J.: 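To start, I am sharing the structure in question, which I have written as structure tokens.
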Protein chains: 2
Amino acid sequence: MKVSKEQMAENRERILDAAAARFRERGFDGIGVADLMKDAGLTHGGFYGHFASKEDLMAQAAARALANAGAGWQALADAAPDEALGRIVRSYLSAAHRDHPERGCAIAALGAEAARQGPAVRAAVTAGVRANVELLAGLMPGRGAARRRERAWAAYAALVGGIVLARAVDDAALSQEILDAVAQATAGAD
Amino acid sequence: MKVSKEQMAENRERILDAAAARFRERGFDGIGVADLMKDAGLTHGGFYGHFASKEDLMAQAAARALANAGAGWQALADAAPDEALGRIVRSYLSAAHRDHPERGCAIAALGAEAARQGPAVRAAVTAGVRANVELLAGLMPGRGAARRRERAWAAYAALVGGIVLARAVDDAALSQEILDAVAQATAGAD
DNA sequence: ATTATCTATAGATCTATAGATAATGC
DNA sequence: ATTATCTATAGATCTATAGATAATGC
């Protein structure tokens with residue numbers, strides 16, 4: 001059942017997309033290679049022709065998810081240059097994002113687990129975070145690049161923590177209160 | 001090898017403390033019941049005389065870790081009523097906290113995983129978070145309880161996200177930059 | 001006699017690999 | 001002929017339980 005080189009490249013993309021979604025949804029340990037391959041429409045054994053190991057896949061999936069987040073932020077900024085920060089904050093701290101980790105921020109979904117992984121995952125996360133904070137810094141108000149970068153870290157942290165808290169609690173009203181409060185403080189006054 | 005009721009209660013405490021530490025260090029899935037029991041100086045099979053299931057232990061360990069955090073914040077507030085918030089922020093966003101998740105904030109270490117757990121864990125986390133944000137709200141500046149509570153959520157989120165980001169990156173200087181930036185924005189101006 | 005703990009194991013995972021199969025691409 | 005994928009399995013986990021053991025506490 002060999003496939004063309006083109007089809008193989010497409011299969012690889014499907015594995016990566018499935019992994020980026022399932023890892024964010026269930027955690028790195030929450031989904032096995034066999035189920036990921038089934039998700040991509042392939043069988044277990046074929047996996048090791050595409051990736052060296054599960055950790056290799058974890059690193060590449062994390063890089064992809066973080067790059068997608070950056071692209072989404074850039075698109076929001078391009079669509080509304082004057083109110084980019086507010087739009088990013090409202091989109092990040094939305095009920096939709098809270099309820100769909102599989103399409104959302106990889107740091108909020110996997111940050112704590114990523115800190116416990118090997119060098120490849122750590123390096124991918126570091127590069128993704130660095131790129132995203134630089135993007136945010138460019139959208140921040142304030143005079144001086146250092147001040148804007150400091151504010152970008154504060155905003156990034158508030159967003160990540162806000163979604164983690166809003167997902168962790170089991171009370172819908174409390175969860176919404178968290179999203180609203182963090183959004184107000186992050187995009188509001190400051 | 002039966003032990004006294006007193007000894008049994010002490011054994012149960014040791015299992016809970018070991019679990020609260022190892023879960024924060026390695027994640028809920030990162031440590032098994034057998035290794036936890038070994039950590040507490042007991043054998044695998046005895047576990048189910050103390051707890052109904054691993055999930056039962058996860059819920060109780062999360063509750064304990066969150067209560068410990070609240071007690072630590074309260075102690076800092078009692079020691080320095082005038083600058084309570086600043087001390088809590090600096091202590092939370094310290095290199096020591098970043099480097100020792102096993103003794104640190106359960107939301108930063110386990111929040112994303114907790115969101116994927118069953119009702120018992122979710123309920124324990126919700127109760128702990130609620131108690132801690134109320135404690136923080138009491139220390140916030142601002143006129144009006146609602147405004148103080150909003151600021152408490154924003155601070156809690158920034159702290160959690162700040163530690164998650166600082167732990168996730170593999171560059172020591174970048175990690176310190178994150179801690180400093182979030183601390184400045186959270187305890188500084190506002 | 002009761003019961004907290006221990007040893008041993010069932011049954012269900014998981015990652016990774018070996019060897020077979022069958023379609024691509026020289 | 002090469003190689004992407006498939007089937008099958010090795011070896012190492014993990015949670016939970018059954019039955020044996022031995023010390024407490026009536």
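Computed from a prediction, not measured in an experiment: that's the story for all the values here. Protein chains get the first letters and strands the later ones, always in sequence-line order, with residue 1 at the start of each.
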J.: If the threshold is 4.0 Å, N to carboxylate O, is there a salt bridge linking B:Asp171 and A:Arg130?
T.: yes

J.: What's the closest nucleotide to the side chain of B:Val33 if the choices are C:dT5, D:dT15, D:dT5?
T.: D:dT15

J.: Is there a Watson-Crick or G-U wobble partner for C:dG19 with both distances under 3.5 Å, and which nucleotide is it?
T.: D:dC6

J.: Please give the nucleotide sitting opposite C:dT24 as a Watson-Crick or G-U wobble pair, both distances under 3.5 Å, or none.
T.: D:dA1

J.: Please report the distance, rounded to the nearest Å, between CZ in B:Phe23 and C1' in D:dT15.
T.: 12 Å

J.: Please give, in whole Å, the distance from D:dA4 C1' to A:Met37 CE?
T.: 10 Å

J.: Just checking, any donor-acceptor pair under 3.5 angstrom between side chains of B:Gln60 and B:Arg12?
T.: yes

J.: How many Å lie between CZ on A:Phe47 and P on C:dA18, as a whole number?
T.: 16 Å

J.: Would A:Arg116 and A:Glu113 pass as an ion pair if we require N to O under 4.0 Å?
T.: no

J.: Identify, residue by residue, the members of residues 48-57 of chain A with a heavy atom below 4.0 Å from DNA chain C, and return them in order of residue number, or none.
T.: A:Tyr48, A:Ser53, A:Lys54

J.: Relative to the 5' end of DNA chain D, which residue comes earlier, B:Ser4 or B:Gly30, by the nucleotide with the nearest heavy atom?
T.: B:Gly30

J.: Using whole Å, report how far NE2 of B:His44 lies from C1' of C:dA8.
T.: 11 Å

J.: Between P on D:dT15 and NZ on B:Lys38, what's the gap in Å once rounded to a whole number?
T.: 13 Å

J.: Inspect the contact between B:Arg149 and A:Glu177 and indicate whether a charged nitrogen and a carboxylate oxygen are less than 4.0 angstrom apart.
T.: yes

J.: Can you work out whether B:Lys2 or A:Lys5 has the more 5'-proximal nearest nucleotide on DNA chain D?
T.: A:Lys5

J.: CE of B:Met58 versus C1' of D:dC14: gap in Å, rounded?
T.: 14 Å

J.: Expressed in angstrom and rounded to an integer, what is the separation of B:Met8 atom CE from D:dT24 atom C1'?
T.: 13 Å

J.: For the backbone of A:Ala172 and the side chain of A:Ser175, can you confirm whether one donor and one acceptor N or O come within less than 3.5 Å of each other?
T.: no

J.: Please work out whether the ring planes of A:Tyr92 and A:Trp73 are parallel, tilted or perpendicular, with thresholds of 30° and 60°.
T.: tilted

J.: Tell me whether the side-chain N/O atoms of A:Asn11 come closer than 4.0 Å to OP1 or OP2 in D:dT5.
T.: yes

J.: Rounded to whole angstroms, how far apart are CG on A:Leu36 and P on D:dT5?
T.: 15 Å

J.: Side-chain contact test, heavy atoms from C-beta onward, threshold under 4.5 Å: evaluate it for A:Glu13 versus A:Arg64 and give yes or no.
T.: yes

